[in-house]
Amino acid sequence: MRFDSRDFVVPHGGRHVLRGRPTEVEPFYESKDDFRDILSKHVEQLSELQEMLYASKQYALLVVFQGMDTAGKDGTIRHVMSGVDPQGVQVFSFGRPSDAELRHEFLWRETLCLPERGRIGVFNRSYYEEVVVVRVHPELLRRQGIEGAPTTRTWQERFESIVEFERHLHRNGTRVLKFFLHLSKQEQRRRLLARLDDPHKHWKFNVGDIEERRHWQKYMSAYEACLSATSRAHAPWYVVPADDKRNARLIVSQAIIDELAALKLHYPDVSAARRRELRKVRRRLE
Ligand code: AMP
Ligand code: MG
């Protein structure tokens, strides 16, 4: 089934961007085999587009993933990027900031990891945690040298910094796509139970995740405010229904393909003189 990845884009300033959106939609595949076929076609297309991105060296692509624990960030990155030349993609995960990181402004550590032109950079969590987990736990601001209770203005200013930062990236050749993997609280419960029941998944289990579940509504409100304030044409947010992992992977891969295809990438032109030179070299190898 065909679908339009734009259907999942959050409008700037939109209301109820999460509560009004499903965590599950009618799947875009008919069976497990059909899913594998579609995904492998997507992976192949992505691999070709990435090669052209690399050859033309005009643009970089930054792909940001956010979502609650178990929303499927790691799995989506692994599956969607599986066919891309490892030299063309860099994945960075951002967890709790270190003391050294906390001594800098809040965009600093991510700026060190931005992709160069020709490459795809993937952020598994990002500076968006600074307006989500930090908003849910404002006491974290103290470690950033910010005293006193934050106000709406505190978050508004962070949104502005982020929007301007992403605008700067866009103006300078970096395309930015952001995916919020939208999971239901019930599905998170199932996934956490699965982690507890599978010894191979115990390493992924974090007792703190259970604690964070208690703040679910606060997280949703923080995300809701953030998504509509920071979704722009130059750096759109996609709300991806994530209760069905397979469907989420199809949506994310399609959105990345659409973005790269819109760049109308092509291999660098080869002049007639250069072609003559290559023909000459070829004869020497015969
Ligand atoms: P995981 O993705 O499971 O490895 O968990 C990473 C943890 O780091 C999550 O609980 C995030 O909320 C937390 N984290 C990421 N960025 C920040 C940040 N800037 N400030 C505080 N906590 C963060
Ligand atoms: Mg976790």
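Computation of the quantities below employed the complete heavy-atom set of this structure, encompassing side-chain atoms and omitting hydrogens, waters and symmetry-equivalent molecules. For clarity, every value in this text was computed on a predicted model and none was experimentally measured. Atoms within a ligand are numbered from 1 in the order they appear, just like the ligands themselves.
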Salt bridge (charged side-chain N to carboxylate O under 4.0 Å, His left out) between Arg167 and Glu164, intermediate numbers included: CA-CA 5 Å; Arg167 201 192 310 280; Glu164 285 308 319; 3.3 Å; yes
Are there protein heavy-atom neighbours of atom 4 (O) of ligand 1 below 4.0 Å? no
Atom 13 (C) of ligand 1 [closest protein heavy-atom partner, distance rounded to 0.1 Å]: Arg96 N, 3.9 Å
Is any side-chain N of the basic residue among Arg274 and Glu277 closer than 4.0 Å to the acidic one's carboxylate O? yes
Does Arg190 come within less than 4.0 Å of Glu187, counting only side-chain N to carboxylate O? yes
What protein heavy atom lies closest to atom 20 (N) of ligand 1? Include the residue and the distance to one decimal. Pro97 CD, 3.3 Å
Determine, for Phe106 and Arg158, whether the Lys NZ or Arg CZ falls below 6.0 Å from the six-membered ring centre while staying within 45 degrees of the axis. yes
For Tyr128 and Glu110, which I'm curious about, is there any donor-acceptor pair between the side chains at under 3.5 Å? no
Return the residue, atom name and 0.1 Å-rounded distance of the protein heavy atom closest to atom 12 (O) of ligand 1. Glu129 OE1, 3.1 Å
Is the shortest distance from a Lys or Arg side-chain nitrogen in Arg125 or Asp69 to a carboxylate oxygen in the other one below 4.0 Å? yes
Verdict with supporting geometry, Cys226 and Phe180, side-chain contact (heavy atoms from CB on, under 4.5 Å): CA-CA 11 Å; Cys226 154; Phe180 173 72; over 6 Å; no
Contact partition for Arg109 relative to ligand 1, non-hydrogen atoms under 4.0 Å: side chain
Any protein N, O or S atom under 2.8 Å from the Mg ion (ligand 2)? Found Asp69 OD1
Considering only non-hydrogen protein atoms, determine which one is nearest to atom 19 (N) of ligand 1 and report residue, atom name and distance to 0.1 Å. Glu130 OE2, 2.8 Å
Among Ile120, Leu46, Leu61, Ile77, the one residue meeting side chain to side chain contact (heavy atoms under 4.5 Å, CB included) with Val89: Ile120
Test log, rule side-chain hydrogen bond (donor to acceptor under 3.5 Å, both in side chains), inputs His42 and Gln254: CA-CA 7 Å; His42 282 188; Gln254 184 65 59; 3.1 Å; yes
Please work out, at 4.0 Å between heavy atoms, whether the side chain, the backbone, both, or neither of Asp69 comes within that distance of ligand 1. side chain
Please work out whether any backbone atom (N, CA, C, O) or any side-chain heavy atom from C-beta onward of Arg125 is under 4.0 Å from ligand 1, and answer side chain, backbone, both or neither. side chain
Does Asn172 reach the main-chain N or O of His168 with its side chain, forming a donor-acceptor pair under 3.5 Å? yes
So the atoms of ligand 1 within less than 4.0 Å of a heavy atom of Gly95 turn out to be 6 (C), 8 (O), 14 (N), 15 (C), 16 (N), 17 (C), 23 (C)
Distance filter under 4.0 Å to Val133 heavy atoms, resulting ligand 1 atoms: 12 (O), 20 (N), 21 (C), 22 (N), 23 (C)
No-hydrogen, no-angle side-chain donor-acceptor test under 3.5 Å, Tyr54 and Gln87: no
